[in-house]
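Step one of this worksheet: look at the structure below.
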Amino acid sequence: MLSRVSIRNILGFLLVLGVVCSAFVFGQQPAEQGAGAQRGQGRQAAVGGGGEAARTSAAPPVFKVEWVPAPGQKGQVPIVQENVADTNLELKQYGPAAKQMLTSGTPGSDTTPFSIFSGECAGPFAITFRQKSNYIDLTGLGKMRWMIKTSGFHVFRPVVKLADGTLLVGDHAEASVPIFVQSEFSFTGVRWIKLDPNRAVTLGTNNGPSNEIWVNNPDLSKVDEVGFADLMPSSGHGTGGYVHLARLEVYGKAVPREATTSSR
């Protein structure tokens, strides 16, 4: 049998060993917790751009197109300037069919908002908006947000008019057949084709390879007008083929129009 002294020595050794191990474990915890916190901060910085990492600012709103009934209007009638709620926006229409665009819907309704309807448009058209006080810089994070509804194979396409008067239609196309849906897209990456302002049809450049007619690197830093186009004739009232626009918003940078003076 072990002597009492031996047993006492063994118990003392085990007690000392336990104290040392506990001190080691507790000493490690703060360091590990600190490392874990640093890893978490690293993930947050990577996902959300936290810390001192440079952030890219969102493009500010430049204008919003909303529709209102003009004085004396009743039922579905051709749209006029007075249907544009913002008095600083000028309505522009391209192609004969643009004059056949009608008002539609009910003011204040969430499901059938007061809007414009292309059912009677017998050909392609484009409708744009010009801010009286500013050009628009659509480079960088410039984008468009719209609330749309479509029927058939009809789609919305963005349209811009450059400061030099060139009218362009983009290859970005959106549709929403069942209901009005709000969506947005960036102008970055959109490819453009010239649009005839009189007939609202696409035009060639006569210098593109393999019959391509894209306009290379158009200057979107000073855009005069922004809007949309439908390049197909519509089918009339009811379901069939049309586009329906309730709201349109443009985000970018406002560029003040130069003041012009006359010597006359």
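The analysis underlying the following values was restricted to heavy atoms, covering all of them including side chains, and did not include hydrogens, waters or symmetry mates.
Atom CZ of residue F187 and atom OH of residue Y251 lie 12.0 Å apart, to the nearest 0.5 angstrom. Between M101 atom CE and I116 atom CD1 the span is 4.5 Å, to the nearest 0.5 Å.
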- Message: Pair K92, I127 - check side-chain contact (heavy atoms from CB on, under 4.5 Å), show working.
- Response: CA-CA 6 Å; K92 303 293 183 180; I127 291 179; over 6 Å; no

- Task: Could you give me the CA-CA distance, side-chain angles and deciding distance for T202 and K194, then say whether side-chain contact (heavy atoms from CB on, under 4.5 Å) is met?
- Result: CA-CA 6 Å; T202 55; K194 283 187 177 181; over 6 Å; no

- Task: Starting from the C-alpha separation in whole Å, work towards a yes-or-no answer on ring-ring contact (aromatic ring centres under 6.0 Å, His included) for H154 and Y242.
- Result: CA-CA 6 Å; H154 287 248; Y242 60 78; 7.6 Å; no

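Checked against salt bridge (Lys or Arg N to Asp or Glu O under 4.0 Å), R247 has the following partners two or more places apart in sequence or in another chain: E249.
Only one option out of V155, V181, V243 pairs with S176 in a side chain to side chain contact (heavy atoms under 4.5 Å, CB included); it is V181.
Inter-residue side-chain proximity for M144 and E184 is flagged as unmet; no heavy-atom pair is nearer than 4.5 Å.
Under a cutoff of 6.0 Å and an axis angle of 45°, R157 and F228 do not form a cation-pi pair.
By the neighbour-count criterion of 12 heavy atoms within 6.0 Å, atom CZ of R199 is sparsely surrounded, having that number or fewer from other residues, nucleotides or ligands. For D110, the CG atom counts as loosely surrounded, since its 6.0 Å shell holds 12 or fewer non-hydrogen atoms of other residues, nucleotides or ligands.
Screening residues 63-73 for side-chain hydrogen bond (donor to acceptor under 3.5 Å, both in side chains), with sequence neighbours left out, gives Q73-N83.
The aromatic rings of F185 and H172 sit parallel to each other, their planes meeting at less than 30°, with 60° as the upper class boundary.
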